[in-house]
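Notes follow once the structure below has been shown.
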Amino acid sequence: MSEKDMKETYEGAGVSPQDQADNPVDRILRQERMPHIWCPGCGIGTTVNCFARALEKLNIDLDNLAVVSGIGCTGRVAGYLKVDSFHTTHGRAIPFATGLKLANPKMKVVVYSGDGDLTAIGGNHLIHAARRNLDITVILVNNFTYGMTGGQYAPTTPFGSIQTTMPYGMYEHQFNIPKLVAAAGAVYVARWTVYQVAHLTRAMTEAIAKKGFSLVEVMSPCPTLYLRRNRLGEGIDEVKRFKEWAVRKDGADVNDVGISRDKPLIIGKFVDIERDEYIDLMNRQLSKKLGDRYTLYGVENGEV
Amino acid sequence: MSEKDMKETYEGAGVSPQDQADNPVDRILRQERMPHIWCPGCGIGTTVNCFARALEKLNIDLDNLAVVSGIGCTGRVAGYLKVDSFHTTHGRAIPFATGLKLANPKMKVVVYSGDGDLTAIGGNHLIHAARRNLDITVILVNNFTYGMTGGQYAPTTPFGSIQTTMPYGMYEHQFNIPKLVAAAGAVYVARWTVYQVAHLTRAMTEAIAKKGFSLVEVMSPCPTLYLRRNRLGEGIDEVKRFKEWAVRKDGADVNDVGISRDKPLIIGKFVDIERDEYIDLMNRQLSKKLGDRYTLYGVENGEV
Amino acid sequence: MTTERKGKGTIFLRKEFCKGCAYCIETCPTHCLEFSEEFNEKGYHFPVLARPEKCTGCDICGMFCPDFAIFGITWKKMDKLQAQKNEGGKVESRS
Amino acid sequence: MTTERKGKGTIFLRKEFCKGCAYCIETCPTHCLEFSEEFNEKGYHFPVLARPEKCTGCDICGMFCPDFAIFGITWKKMDKLQAQKNEGGKVESRS
Amino acid sequence: MAKYEIKIGGLGGQGVILSGIIIGRAAAIYDGKYATMTQSFGPEARGSAASSELVIDTEPVGYPYVVNQNILVVMARGAYKEYGPRLVDGGMLLYEKDLVPIDEEDLKRRKIRYFGIPATAFAEELGRRIVLNIVMMGFFAAVAGVVSPESMEKAVLASVPKGTEKLNLSAFQKGLEYGRNLLDNK
Amino acid sequence: MAKYEIKIGGLGGQGVILSGIIIGRAAAIYDGKYATMTQSFGPEARGSAASSELVIDTEPVGYPYVVNQNILVVMARGAYKEYGPRLVDGGMLLYEKDLVPIDEEDLKRRKIRYFGIPATAFAEELGRRIVLNIVMMGFFAAVAGVVSPESMEKAVLASVPKGTEKLNLSAFQKGLEYGRNLLDNK
Amino acid sequence: MKADPKGVLTGIHFMDGNHAACEGALAAGCRFAAGYPITPSTEVVERFAARIPVVGDGVFIQMEDELASSIAIQGAVWAGRKAMTVTSGPGISLMQEHIGLAATYEIPLVFIDVMRGGPSTGLPTLPAQGDIMQVKWGSHGDYEIITLATSSPQECFDLTIKAFNLAELYRCPVFVLLDEVVGHMLEKVVIPEADEIEVQERLWTKKTPEEYWPYDPEYGMIPGMVKAGDGYRIHTTGLTHDHRGYPNLNTKTQYEMVNRMINKIKDNADKIIEYEEDGVEGADIVVIAYGVTTRVAKKAIEDARKKGIKVGLLKLVVVWPMPEKRIREIAKNAKALIVAEGNMGQLVYEVERLAAGNCPTTLVPHPGGGVHKPETIEKAILEAAK
Amino acid sequence: MKADPKGVLTGIHFMDGNHAACEGALAAGCRFAAGYPITPSTEVVERFAARIPVVGDGVFIQMEDELASSIAIQGAVWAGRKAMTVTSGPGISLMQEHIGLAATYEIPLVFIDVMRGGPSTGLPTLPAQGDIMQVKWGSHGDYEIITLATSSPQECFDLTIKAFNLAELYRCPVFVLLDEVVGHMLEKVVIPEADEIEVQERLWTKKTPEEYWPYDPEYGMIPGMVKAGDGYRIHTTGLTHDHRGYPNLNTKTQYEMVNRMINKIKDNADKIIEYEEDGVEGADIVVIAYGVTTRVAKKAIEDARKKGIKVGLLKLVVVWPMPEKRIREIAKNAKALIVAEGNMGQLVYEVERLAAGNCPTTLVPHPGGGVHKPETIEKAILEAAK
Ligand SMILES: Cc1ncc(C[n+]2csc(CCOP(=O)(O)OP(=O)(O)O)c2C)c(N)n1
Ligand SMILES: Cc1ncc(C[n+]2csc(CCOP(=O)(O)OP(=O)(O)O)c2C)c(N)n1
Ligand code: SF4
Ligand code: SF4
Ligand code: SF4
Ligand code: SF4
Ligand code: SF4
Ligand code: SF4
Ligand SMILES: [Mg+2]
Ligand SMILES: [Mg+2]
């Protein structure tokens, strides 16, 4: 569907001309690929909505934005965004992004992927990227499951939840993702749910603006494969539940933000610290050692 | 060299009969493989010495002990121990150990490997094993480098240190290993250096005895590829330096135990907590759901 | 095809994109949306602006909609855009 | 080939295992070890019990030795082992 | 007819796959025929069309997919639109009456026999919209003549979750009766 | 002799590899010959023997390893023990006099010419035990007749770390002179 | 040995290939599975996860990735279990290092590969046969594996049992290939009584710990096995090792190790090989195929026969090792060989090699995403018959 | 285009193959390398790490593992760089998923594989040629790559440049194989002036963002490239995709995609292929070899010729694609083909296929850990000449 066609499909409650609807999402979407594949009530689309608005707020040149996804339902995000966007392999969005950013430091690089992709198969890249503190942002959509493959348990599946490979209820411990990435070295870590769209948007804005490795964990309903199997209703039920379940605690100790369906879901901005960024460190050390023989890398007109 | 031959090579300062030397290391070594490949002044051998003594103290049936190593200088440890011992692939000792332990829960399973092996290529398995809290013990020998491959930088190489792939001085951030594994879920985490042989031995004893995922980080000199390249002398110089550099702080906040050559090296037992073990959790959940249809797994005569 | 301006704003809807998830309806702060009786082609009920007088054009529905189907806008912004357009100013579609 | 019992203990050494790292010499609490003048086959100086009267048989040298070359033992323990052996008790080599 | 090539189409969640399994099981296990069921699934189909295919034969099934689609069972408009045109002339169409508007002229021209049932309404009568597909299966048992109703009934019982047998049997009966009546009155 | 097959053996840390590079560089870059150097390395060799091999020829080197080891340079006893027996009859042995006890009878029987030098002592005289291998190279330049002393000297300069040229040149000269004297007096 | 009834779901089922493969594994005595979800294979371990707690004395664990699954099972095998992992092409790519390790460890291990369209992420939900060379050549260095291809749910059951048996007999990795469509196809599956199922027990050593070394041949070329905890205190390594399992890095040990590893398969090929022939004797044209393609080929052949063409089918049940002698023979007697496979040309190279110029070899490729149309194969037959 | 002098270390060096390969990469314009240390390959990136800060405008990063290195370079390529990674067998095994991805992305990429003895951890410090089939078949699904084999440090330099050039020309992964002994062998390496080095520029698109789709063929079968940040706002995926780079999961798109990917190599094979002949014309026996084995074979051939045998050498510089036509021709005229390789039989299968029964093909294997003795090859020649 072309951008124009897409605009024209709007039914503006009788309003004309319809193409005046200046929807920021439409501008960043690959309209020709709509509608997307996500299920009714899946929260991933909502996160994209927030992402579009965050970009709008940041007012950055979208030509210099790259979005990289792994594989999964969330992994399809890259494919719907009209920026340089890369659908990579399962778990490897972060090292791809690392190469991209390092090879062309002027790019803003955002990794957008799922909990399974980023913390199961991709866990090593996650912690190493956090350690290096290269300036990239990770949007991690946590839906408690491997959506794309049909609802197997993930390192995030809450205790007791049924999943196809945990048919009698989850008995493995879960990752506390903010704690893990903070321990590895992330400089910005926040968690929101798709219920707090405005906060989520702001968190995305902050994370992208932050220099260094930043991560936003977004709790998002997967009605098809997580909620229904656990008799938790439809997407909207979880969204409404998020409202009750979530308790905002900015600056909460990451030790306290592990998720359990019986305890409040702590949300907010947990980490926002300063720590030398990767390319800065590299430039500093190499200049120190090589002096004039070294030209600062990735620096245009004195600015990185 | 046979056990007997090995004993006979002892020169007992004139003492006879020589085979009375009841050295615990000799009993656990594959004598026929001595001497080992480690360089003069390499600390790995000292850690093995402590390990042998720890086993002696634990007084466990060595037939039920398996030692699993990855690849590296430290990775050679498994090959020198006369127990069921497995030299696996680079970074994958932990998942091998996971399969072994899970398939035969009566075994005590110890993973013995290097910092590069366990935290670089093997980082994902490390954090997932800590998360699951399956009852295995990791002895991580941290020598600040990839020894076996000739001294490339590792995620542990201190800032400024020269390594072949960091010829102008390390500029990447390092992992704080105790913090990372604690964040992932380890129940026992300690750090010692090869200088504190007695403490190290006790820590190994405690870690092996502890139910759940335990890790002992051992700081160990690599004279050949780390020390000399950084003009830090021989192995013994680092051992002596450890004495000065290390400050014992049991129960130290893992946030404070990151390593830098300019700051005190915090050592001690950092984490020793209770958290449900993997097979226990599995048995509990499956019994709850399946009742009589399920027979407790890995439990012999009522004991795990 | 202009319409009466009952509230401070209105919505746009791409009916065929809607998957009937009710996000918009449940999150609209002024409760001005309701499900249609009608089905769309895919068989979903979609939202309709049942109480247009209450719509503020806040676009909260739009932020929530996982299917990019709905979008709220204030009349004020609409008028501004219209004015821009009338002046020949191109409405940038690539920011 | 018994020897005079000067201290509380003594050391055993597998000279050819030694790589001359000095761990034992530097960590012996009673400073009773010294490097030999001699080289072993591999060309390393190995430790000798220069001050046997000071050796306590504490085996700290043995715990430090990365090459499993040295081992300290008290005369007391030695005698016990000898006694065991004389009684025909096998000294278990696989614990 | 020795060989049946059946397509079942609907929306995800309507039980299209289970329907295929029931027919297949009835044919293969209880009716002593050979049955091969395949399914089209995958992310691209999420929230939209779902379908299963069955080849039933008196000899082992080689090529596993439907080629000459001679029976079509549809529970959603989209499925009818997509698979309707592929029905062979002289084939048979079973459809959910309230959900699928059909093009009678076209069907007649192609000599396709077609039978509709308000399965959703029946299912709702039984209190569970979800048994719509089992109503369909009763209807299929009555009308299609592919597998015996007895075998179909057994297959339903063997295929539904434990504890839901009664409800599903009622649904099946509903469809069966409606189908039989329809045939009687034709 | 058109083709030289040289083995250099010693302990890790004695500069065995660098020695090979120096001879190879001298032959290949400054003497216009073909030279191929290979090295044996690896974990199994840690802290023990190290060796390098050189094939020097007037035509391109095919098979890269030493087959007819006609020159052996040894700086440690172990290396002599290991590689000595592989020296071809009529070959040449250069050895560190103080470190390597040789079996003169055996060498004579095999018609091997042998030349020793107290290279370690010379190096210690110069204040840096580490230049032992460069002393050896001077000696090699004088005695072996494989590459011209001028080329060897250039190769030494091109191969040692910047700032150490003077020391290394002295070491080279030392070995060269000692070798020349030895030849003169033989 | 007969199968342990606990793992045998005796009865007549209408079941898909993935589930049938799981039942085959359970019947064969597999009590440990590690996996990482991937379409279109996951149902195999999903079923295993549901069944094993009830079958008893076994575990399923979902590992963090395929690297982990493919080595967790090796730990389990050394602990005495029969073990498997299940994946699809991308997973096989990630497991390559551990396939080589398993070959070098010489341990019985079953890899089930439910093939989807490739390369890369490709066509996750659609069939192809593009991994046939990968399973043989994907890891570095020289080694041998065994590979079976299934064409129906019944074969998924039967051949998975066979795979476990072969793995035990030859101490090597055995692959079971399912085309996606076979994995997701439901057909009748007959599971016999446990005592009708022949199961190969592990070749446990008969030696004492004192006599035993893990790579001393004991059963023909095959060393006997032990399990951790039994007091043998073994060592093993992926490094080149001697009969003791100790690293020994030289050409001689390398030769001895690799040569035995390869020859234990090559020399026993006749015992391992399984194929089915339909009218090959006397045929002018012989179609060679494996997996689901054999079903399509059958149809094509029937149709061609109706047109008077003398055409036969050689169905490879065991694909690796190839029935080299038989194919060479066939090539000598036939006018043409046709290889129909769900890829752009892979096994055809091997067939062409074996044909040795005795007759032409034609490929009927399919890029994946579906299976051949019978007509396509028939056309190739008619063409070749001209 | 001529090489950028900044990366060219003009002069005559006594250098080993690993270092020479690094210099080749720098001369070819490679400005991004990601790697993970592994013996015997690490010196390539060690040198890169030392050189690149001084050469300027480039980076080396040591990633956490081979999976990461092999995809970091793909990010870098999409960011406009020429990039490579360097590893050995076990690393290649781990990179298989990303080799398939690179093929599917259709991006220029160089993989240097310094081969050691395998399988598994094998012989880390000793040579072998056991990865030759792996580099072609190791990833799942159908795809094509190019592979060059080096036999001397000079070739390491020259062929690494060629590899980068071919990668750019055909937008595909290109492998440079070094036998361990070549990687660690020092010989004279002549590095010419920058303006004597021909370097292939990226095939940048000539289209505007409005006209452009990433998989529209533009240079023959090859689509033009763009780089991230240039406003083209592209998408790409490892899923089966159409000309727009969008997933499109059906047989038709699959066919179009895979077919073009394969044929861009196959149809251009004549341009890609490089081999050297020594006395092949009129020879009774032809030895086929690659890498270091060619050096040994030369010696064997010389010796055999002295005994009056008419024997020639076909040295494969480009191993994949194979010079199929030439080998078929040779087989028709020769009495026998001999394949000498540092493995237990890999490329020999392909040669035997191409020989098509016209003459026998004999393998002279070597298990790894060293190289053939010239006598061994000579013996095979004499045997074949009987
Ligand atoms: C190497 C590899 N292994 C496994 C898969 C199968 N796979 C695709 S997506 C996915 C999990 C996705 O889970 P998550 O990242 O949480 O994303 P979601 O679908 O829940 O958004 C898996 C296991 C794959 N594509 N590649
Ligand atoms: C897949 C793979 N990648 C790389 C290597 C090479 N390699 C062997 S050991 C090692 C690093 C060892 O470092 P560490 O674990 O710290 O052990 P150390 O030698 O320092 O004790 C590497 C990179 C390998 N063997 N396999
Ligand atoms: S399966 Fe779950 S995560 Fe995937 S699209 Fe559907 S609801 Fe969303
Ligand atoms: S290289 Fe370093 S870590 Fe390895 S054996 Fe030598 S000193 Fe020890
Ligand atoms: S724009 Fe605001 S008020 Fe209007 S419908 Fe949407 S959410 Fe409600
Ligand atoms: S939020 Fe969007 S998809 Fe959901 S009901 Fe409203 S318009 Fe439809
Ligand atoms: S036993 Fe104790 S006292 Fe004796 S040498 Fe050893 S460390 Fe010193
Ligand atoms: S510690 Fe051991 S290796 Fe070191 S000097 Fe003493 S005896 Fe020798
Ligand atoms: Mg998820
Ligand atoms: Mg290390």
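Computed from a prediction, not measured in an experiment: that's the story for all the values here. So you know, we letter chains A, B, ... as the sequences are listed, proteins then strands, and number each from 1.
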| query | With under 30° as parallel and over 60° as perpendicular, where do the rings of G:Phe111 and G:Phe175 fit, or are they tilted in between? | reply | parallel
| message | Between G:Thr236 and G:Tyr215, is there a side-chain donor-acceptor contact under 3.5 Å, judged purely by atom types and distance? | response | yes
Contacting moiety of [X], where chain H heavy atoms sit under 4.5 Å:
X	value
G:Asn343	both
G:Ile99	neither
G:Ile262	side chain

| said: Quick check for you: to the nearest 0.5 Å, what is the distance between H:Leu67 atom CG and G:Leu67 atom CG? | reply: 5.5 Å
| remark: One should read off an interatomic distance between G:Cys359 SG and G:Ile338 CD1, to the nearest 0.5 angstrom, of 10.0 Å
Among [options], which has the most heavy-atom pairs under 4.5 Å with chain G?
options	answer
H:Gly118, H:Pro90, H:Gly91	H:Pro90
H:Arg116, H:Met95, H:Lys136, H:Gln96	H:Gln96
H:Gly100, H:Gly238, H:Gly130	H:Gly238
H:Met344, H:Met257, H:His366	H:Met344
H:Thr361, H:Leu94, H:Leu101, H:Leu123	H:Leu123

Select, from [options], the one with the greatest count of heavy-atom pairs under 4.5 Å involving chain H.
options	result
G:Thr121, G:Asp131, G:Asp142	G:Asp142
G:Pro119, G:Ala356, G:Gly345	G:Pro119
G:Gly122, G:Gly370, G:Gly357, G:Gly141	G:Gly122
G:Ser120, G:Pro367, G:Gly138, G:Gly369	G:Ser120

| query | Heavy atoms, side chains only, cut-off 4.5 Å: are H:Met115 and H:Pro127 in contact? | reply | no
| field | Heavy-atom side-chain proximity of H:Thr104 to H:His241 below 4.5 angstrom | value | yes
| query | Pick one: which of H:His140, H:His98, H:Glu97 meets side-chain hydrogen bond (donor to acceptor under 3.5 Å, both in side chains) with G:Ser93? | reply | H:His140
| query | So does G:Arg353 pair up with G:Glu350, basic N to acidic O under 4.0 Å? | reply | yes
| query | Any Lys/Arg nitrogen of G:Glu256 or G:Lys252 sitting under 4.0 Å from an Asp/Glu carboxylate oxygen of the other? | reply | yes
Side chain from CB out, backbone as N, CA, C, O: work out which of these in [X] comes under 4.5 Å of a heavy atom of chain G, or both, or neither.
X	answer
H:Gln129	neither
H:Met261	side chain
H:Leu354	neither

| query | Between the main-chain N or O of G:Pro223 and the side-chain N or O of G:Glu106, is there a donor-acceptor pair closer than 3.5 Å? | reply | no
